[in-house]
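Keep in mind that this is a model prediction, so the values were computed, not measured. Counting starts at 1 for both ligands and their atoms, following the listed order.
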Amino acid sequence: MAKLSNPTEIKQILEKHGFHFSKALGQNFLIDDSVCPRMAEMCGADEVKGVIEIGPGIGVLTKEVALQAEKVCAIELDKRLFPVLEETLAEFENIEIIQGDALKIDLQALIDDKFEGGPVSVCANLPYYITSPLIMHLLESGLPIRSVTVMVQKEAAERICAKPGTKECGAVSASVHYHCEPEILFHVSRGCFMPPPKVDSAVIRLNLLQTPPVEVRNKKFFFQLVRASFSQRRKTAANSISSLLPITKKAVEEALLTIELPINIRAEKLTIENFAALSNFLFEGGEA
Ligand code: SAM
């Protein structure tokens, strides 16, 4: 069996299939022996009906996850990798490769069809250009997902896991903390990839919560408010919110005063509880 983390063997396989890396598809393949087994062990494969992988590449992580999970479905966008995967994963009967775009595919139908409705875990070395939209999609769609273990850029990992109310936090972190408990598992240097990217990476695990940490009267409005608050980081939350949503600056300032916050507070100072209180107050004109 080919060692899929060995650069010489990877080059041989790729040359044999006439494959060239696509930068646009975020194709940086792992060439480190220890990262994939660690990710596979930490992705909670034994607690669920199976694992969904996004972007198997040549199958280096897929193989390790398949050793831990009953079944793995890997979604790959690049058709050119299919003959490669057929060769590299030939000996595994519990792996299915599905061609598609992870952002567009009907994941609920996939989970119903391949995993009897789940729950499942997600494990992936993500193409970085889809990190935020994919994580938001996985968290906000109400899918039967227990946990999401993904490799992302180091800075993205820090932002995603930052607690609302701290300087590093953004709209994604607020949504992440509403839906799950995030943790950074370990860091991975750029030298562990072929070709090496310009930045280092980190593996994070998002454990989905059964119940959100705060009660919100309207989830859609809550997330609109969070996104609007962070839309212009240098401005006050009241300015940012009133410039994007049909709410006057005065109304936001009154709401802030009512929940005992300064009117010139910035989004990064607002905790998840503050966002919930503010959105509950502002939704339908002020009845908390
Ligand atoms: N898992 C492999 C590894 O760790 O070496 C490859 C990871 S590479 C960072 C990202 C993979 O995602 C590539 O195989 C790429 O073709 C695939 N990909 C890119 N965009 C995608 C999308 N929208 N949906 C599914 N797969 C995608």
Expected output: side-chain D112 to main-chain A109 donor-acceptor under 3.5 Å: no
Closest protein heavy atom to atom 5 (O) of ligand 1, given as residue, atom name and distance to 0.1 Å: L30 N, 2.9 Å
Protein contact of atom 2 (C) of ligand 1 - nearest heavy atom, named by residue and atom, plus distance: P56 O, 3.3 Å
Under 3.5 Å side-chain donor-acceptor pair for S5 and D33: yes
Shortest protein contact, atom 18 (N) of ligand 1 (heavy atom only): P127 CG, 3.7 Å
Top protein contact for atom 26 (N) of ligand 1, by heavy-atom distance: L77 N, 3.4 Å
Atoms in ligand 1 with a heavy atom of V60 nearer than 4.0 Å: 3 (C), 4 (O), 5 (O)
Between F283 and F222, ring centroids under 6.0 Å: no
Identity and distance of the protein heavy atom lying nearest atom 14 (O) of ligand 1: E76 OE1, 2.8 Å
Per-atom contacts, ligand 1 versus G26 - under 4.0 Å to a heavy atom: 8 (S), 9 (C), 10 (C)
Sub-4.0 Å atoms of ligand 1 with respect to non-hydrogen atoms of G100: 24 (N), 25 (C)
E53 heavy atom under 4.0 Å from ligand 1: yes
Q27 neighbourhood, listing ligand 1 atoms whose heavy-atom distance to it stays under 4.0 Å: 13 (C), 15 (C), 16 (O)
Qualifying residue for side-chain hydrogen bond (donor to acceptor under 3.5 Å, both in side chains) with D200, from R190, H187, K154: R190
Y129 N/O to ligand 1 N/O under 3.5 Å: yes
Under-4.0 Å salt bridge between R159 and E155: no
Atoms in ligand 1 flagged as close to D78, the criterion being non-hydrogen separation under 4.0 Å: 16 (O)
Between N239 and Q232, a side-chain donor and acceptor under 3.5 Å: no
Test of ring centre spacing under 6.0 Å for F223 and Y178: yes
Salt bridge present between K49 and E70 (N-O < 4.0 angstrom): no
Atoms of ligand 1 close to L81 [distance to a heavy atom under 4.0 angstrom, numbered from 1]: 14 (O)
Taking atom 19 (C) of ligand 1 as the reference point, the nearest protein heavy atom with its distance: L25 O, 3.2 Å
I58 N/O to ligand 1 N/O under 3.5 Å: no
Expected output: side-chain R205 to main-chain S147 donor-acceptor under 3.5 Å: no
Test item: E76 side-chain N/O and G57 main-chain N/O as donor-acceptor pair under 3.5 Å: yes
The one among C36, G57, G55 that brings a heavy atom closest to atom 1 (N) of ligand 1: G55
Distance filter under 4.0 Å to I75 heavy atoms, resulting ligand 1 atoms: 25 (C), 26 (N)
Electrostatic pair K163-E168, nearest N-O below 4.0 angstrom: no
Ring centers of F82, H17 separated by less than 6.0 Å: no
Protein residue, atom and distance nearest to atom 23 (N) of ligand 1, heavy-atom basis: D101 OD1, 2.9 Å
Protein residue, atom and distance nearest to atom 3 (C) of ligand 1, heavy-atom basis: N125 ND2, 3.5 Å
